[in-house]
Novice: 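I have a structure here, written as structure tokens, and I will follow up with some questions on it.
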Amino acid sequence: MSDDHAPTILAETAATTATASAPRFPTAPGVTLNVRSGPGTGYGIVRTLPAGSSVTIYCQTPGTTVTGPYGTSNIWDNIGSGEYVSDAYVHTGSDGYVTGRCG
């Protein structure tokens, strides 16, 4: 058997491991959460998360200040490509940043 495919397999394994080990945070119970295309209420809604969801936060950035179940915050959590939710609706256990700032 040749090693021609080894780098691809290793890269796929590393990506799967990184995704699997990324921490997930619960959203506010009983709340259907709007996912927006940017870090603020002025951005369009791209989808909604059902109540009881959890999200992976890839990076965080300042944006529109929002008041929610977990306080008032201007931090927005990037949960996917072009997908942001207000940190005021995500239980991170912190009033500040819990991961790096977006790019």
Side-chain angles (χ1 to χ4, degrees):
M1 180 171 191
S2 112
D3 287 320
D4 292 342
H5 299 290
T8 302
I9 293 168
L10 292 175
E12 289 172 2
T13 302
T16 301
T17 302
T19 302
S21 65
R24 294 187 63 82
F25 300 93
T27 61
V31 174
T32 300
L33 185 59
N34 290 330
V35 178
R36 296 189 177 268
S37 61
T41 55
Y43 289 88
I45 298 169
V46 296
R47 66 183 175 117
T48 56
L49 296 176
S53 294
S54 62
V55 296
T56 299
I57 301 173
Y58 295 103
C59 62
Q60 294 176 297
T61 191
T64 305
T65 299
V66 172
T67 298
Y70 301 117
T72 299
S73 178
N74 74 331
I75 298 173
W76 285 74
D77 304 330
N78 174 265
I79 62 166
S81 179
E83 296 185 336
Y84 294 83
V85 294
S86 170
D87 196 62
Y89 285 87
V90 180
H91 188 261
T92 62
S94 172
D95 287 337
Y97 289 85
V98 296
T99 189
R101 293 218 184 179
C102 300

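The basis for the numbers below is simple: all heavy atoms, side chains too, and nothing from hydrogens, waters or symmetry mates. Numbers for residues simply follow the sequence, beginning at 1.
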Novice: In the hydrophobic clustering that connects Ile, Leu, Val, Met, Phe, Trp and Tyr at side-chain heavy-atom distances below 4.5 Å, which members other than Tyr97 occupy its cluster, ordered by chain and number?
Specialist: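 For the cluster that includes Tyr97, the remaining residues are Ile75.
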
Novice: If a pair satisfies salt bridge (charged side-chain N to carboxylate O under 4.0 Å, His left out) and one of its residues is in residues 57-67, list it, with sequence neighbours excluded.
Specialist: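 Those involving residues 57-67 do not exist here.
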
Novice: Among all residues two or more places apart in sequence or in another chain, which pass the side chain to side chain contact (heavy atoms under 4.5 Å, CB included) test with Asp95?
Specialist: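 Applying side chain to side chain contact (heavy atoms under 4.5 Å, CB included) to Asp95 gives none.
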
Novice: Just to verify, what does Thr67 make a side chain to side chain donor-acceptor pair (under 3.5 Å) with, not counting sequence neighbours?
Specialist: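 By the side chain to side chain donor-acceptor pair (under 3.5 Å) rule, Thr67 matches Thr72.
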
Novice: Please identify each residue that fulfils side chain to side chain contact (heavy atoms under 4.5 Å, CB included) with Phe25, with sequence neighbours left out.
Specialist: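 Result, side chain to side chain contact (heavy atoms under 4.5 Å, CB included) vs Phe25: Pro23, Ile57, Val90, Thr92, Val98.
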
Novice: Is there a donor-acceptor contact under 3.5 Å from the side chain of Thr27 to the main chain of Ser53?
Specialist: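 Checking the backbone N and O of Ser53 against the side chain of Thr27, a donor-acceptor pair under 3.5 Å is found.
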
Novice: With sequence neighbours excluded, tell me which residues meet side chain to side chain donor-acceptor pair (under 3.5 Å) with Thr99.
Specialist: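 Side chain to side chain donor-acceptor pair (under 3.5 Å) list for Thr99, sorted by chain: empty.
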
Novice: Once disulfide bond (SG atoms under 2.5 Å apart) is applied, what residue pairs with a partner in residues 24-102 remain, sequence neighbours excluded?
Specialist: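 Disulfide bond (SG atoms under 2.5 Å apart) check on residues 24-102 returns Cys59-Cys102.
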
Novice: Any pair with a residue in residues 64-96 that passes disulfide bond (SG atoms under 2.5 Å apart), sequence neighbours left out, goes on the list, sorted by first then second residue, please.
Specialist: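 Checked against disulfide bond (SG atoms under 2.5 Å apart) - neighbours excluded - no pair reaches residues 64-96.
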
Novice: Rounded at 0.5 Å granularity, tell me how far OG in Ser86 sits from CG in Asn74.
Specialist: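 Interatomic distance, Ser86 OG to Asn74 CG, rounded to 0.5 Å: 9.0 Å.
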
Novice: Using residues 28-43 as the side-chain source, report each donor-acceptor pair under 3.5 Å to any protein atom, sequence neighbours left out, with the distance given to one decimal.
Specialist:
residue : atom : partner : partner atom : Å
Arg36   : NH1  : Thr41   : O            : 3.2
Arg36   : NH1  : Tyr43   : O            : 2.6

Novice: Does anything in residues 37-47 pair up under salt bridge (charged side-chain N to carboxylate O under 4.0 Å, His left out), and if so which pairs, sequence neighbours excluded?
Specialist: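 For residues 37-47: Arg47-Glu83.
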
Novice: Sorted by first residue and then second, give each ring-ring contact (aromatic ring centres under 6.0 Å, His included) pair with at least one member in residues 59-94; sequence neighbours left out.
Specialist: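 Every pair satisfying ring-ring contact (aromatic ring centres under 6.0 Å, His included) with a residue in residues 59-94: Tyr70-His91.
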
Novice: Output all residues satisfying salt bridge (Lys or Arg N to Asp or Glu O under 4.0 Å) with Arg101, sequence neighbours left out; order by chain, then residue number.
Specialist: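 Not a single residue meets the salt bridge (Lys or Arg N to Asp or Glu O under 4.0 Å) criterion with Arg101.
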
Novice: At their closest point, which heavy atom of Asn78 faces which heavy atom of Gly80, and how far apart are they?
Specialist: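 Shortest heavy-atom separation between Asn78 and Gly80 comes out as ND2-O, 2.9 Å.
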
